[in-house]
Amino acid sequence: MGMTRTPLIAGNWKMNLDHLQAVALVQKLHWSLKDAAHEFDSVDVTVFPPFTDLRSVQTLIDADKIPFGLGAQDLSVHDSGAYTGEISGEFLAKLSVGSVIIGHSERREYHAEDDAVVAAKTQAALKHGLVPVICVGETSEDLEKFGASAVPVGQLETALENVPDGAEIVVAYEPVWAIGSGQAATPEQAQDVCQKLREVIRAKLGDDAAASTRVLYGGSVKSGNIASFMREPDIDGALVGGGSLKVDEFSAIVRYGKHVGV
Ligand code: PEP
């Protein structure tokens, strides 16, 4: 097919860094990558700060022409109305937010987001021109009972229902047991699931989508292991939690092509 996928390194800050700290981190990250003569075209970088940071980060990115994508960590299924505390995709799009994490395991666990909610949020993102970064992954109990791929494959099948052909999406395979645990999946195991997820994309959205959609791995990604994941053919980047909060570490993850993973 020959379609190339630009790798994507995505930083999920979770509930960390206020808007002042956010501006400082983005500025320092940009300087760090520039100092290292990073080729910005070769790897896409997107940061996903808390909602209250978005306006400040967007202003900085615009003013300093920083080539980072801006993402949000969640959105409402609704456009507007009496939904206290919710944030609509419409508001995010107005802030030049380009993508939004959907179905992160922490949302699934602490906010009871099931596959139907994830599917509805995927639709809401697409409706407002945002790229949904759809997170799927098995818990350690799932892993024991069903193996690694059955649960994420089922989650993605539901999320992709009613997604129109040609819609841009990103998929993140994040085994729940690997998130924040320091225990990453092996590259081989992650590749195996990511390849199966790509087959789900093919079945639901066709060959072009399967060839062009970026499938990320997430779960205890660090500068020392990123290169080993990026060598796998169906892993097109990483969703990074803890490692995205430290400038030097995240900068080294983005520059994985320049160093050899441990
Ligand atoms: C995440 O929460 O998306 C994640 C991958 O976290 P960590 O990198 O800290 O494991």
Side-chain angles (χ1 to χ4, degrees), residues 7-17 21-22 25 29 43-51 53 68-75 97 99-113 118 121-122 125 130-140 142-143 148 151-152 155-156 159 169-187 189-191 193-194 197 214-230 232 234-256 261-262:
L8 169 62
I9 303 293
N12 172 18
W13 296 1
K14 312 191 184 189
M15 197 172 73
N16 293 292
L17 308 181
Q21 296 168 318
L25 187 144
L29 181 64
V43 179
D44 287 344
V45 177
T46 299
V47 292
F48 294 81
F51 288 129
D53 300 359
F68 296 167
L70 180 61
Q73 296 176 17
D74 185 31
L75 86 173
V97 167
S99 55
V100 56
I101 295 173
I102 293 176
H104 191 278
S105 65
E106 288 150 17
R107 303 281 326 164
R108 292 180 190 261
E109 183 178 353
Y110 306 134
H111 301 271
E113 290 194 8
V118 171
K121 289 190 171 186
T122 299
L130 304 166
V131 175
V133 179
I134 302 165
C135 299
V136 297
E138 81 286 1
T139 63
S140 50
D142 295 333
L143 182 64
V151 167
Q155 289 172 336
L156 187 59
I169 61 164
V170 171
V171 173
Y173 168 52
E174 298 209 298
V176 180
W177 47 269
I179 294 178
S181 66
Q183 200 206 329
T186 65
Q189 189 259 324
Q191 159 61 23
V193 178
C194 289
L197 295 173
R214 291 177 293 190
V215 179
L216 314 182
Y217 166 74
S220 297
V221 168
K222 299 188 170 36
S223 57
N225 62 19
I226 179 70
S228 61
F229 288 106
M230 297 307 292
E232 299 293 342
D234 287 297
I235 300 178
D236 307 312
L239 184 52
V240 184
S244 71
L245 297 172
K246 287 168 255 151
V247 173
D248 292 346
E249 176 66 3
F250 195 59
S251 172
I253 292 172
V254 171
R255 292 180 289 107
Y256 68 88
V262 177

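Just follow the structure's listing: the first ligand is 1, and inside any ligand the first atom is 1.
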Rounded at 0.5 Å granularity, tell me how far [atom1] in [X] sits from [atom2] in [Y].
| X | Y | atom1 | atom2 | answer |
| --- | --- | --- | --- | --- |
| Glu232 | Cys194 | CD | SG | 9.0 Å |
| Ser223 | Asp248 | OG | CG | 9.5 Å |
| Tyr256 | Ser251 | OH | OG | 13.5 Å |
| Ser244 | Leu239 | OG | CG | 8.5 Å |

List ligand 1 atoms under 4.0 Å from [X], heavy atoms only on the residue side.
| X | value |
| --- | --- |
| Gly242 | 7 (P), 8 (O), 9 (O) |
| Ser220 | 7 (P), 8 (O), 10 (O) |
| Gly219 | 5 (C), 10 (O) |
| His104 | 1 (C), 2 (O), 3 (O) |
| Gly180 | 7 (P), 9 (O), 10 (O) |
| Ala178 | 10 (O) |
| Ile179 | 1 (C), 2 (O), 4 (C), 6 (O), 10 (O) |

Checking heavy atoms under 4.0 Å, the part of Ala172 that sits near ligand 1 is neither

Heavy-atom closest pair, residues [X] and [Y]:
| X | Y | answer |
| --- | --- | --- |
| Pro49 | Gly71 | CD-O, 3.2 Å |
| Asp74 | Phe51 | O-CZ, 3.2 Å |
| Trp13 | Gln73 | C-NE2, 3.9 Å |

Taking atom types as modelled and ignoring hydrogens, do the side chains of Asp142 and Thr139 form a donor-acceptor contact shorter than 3.5 angstrom? yes

Give the residue, atom name and distance (to 0.1 Å) of the protein heavy atom nearest atom 3 (O) of ligand 1. Glu174 OE2, 2.7 Å

Would you say Gly241 and ligand 1 have an N/O pair spaced under 3.5 Å apart? yes

Is Gly243 close to ligand 1, meaning an N/O of one under 3.5 Å from an N/O of the other? no

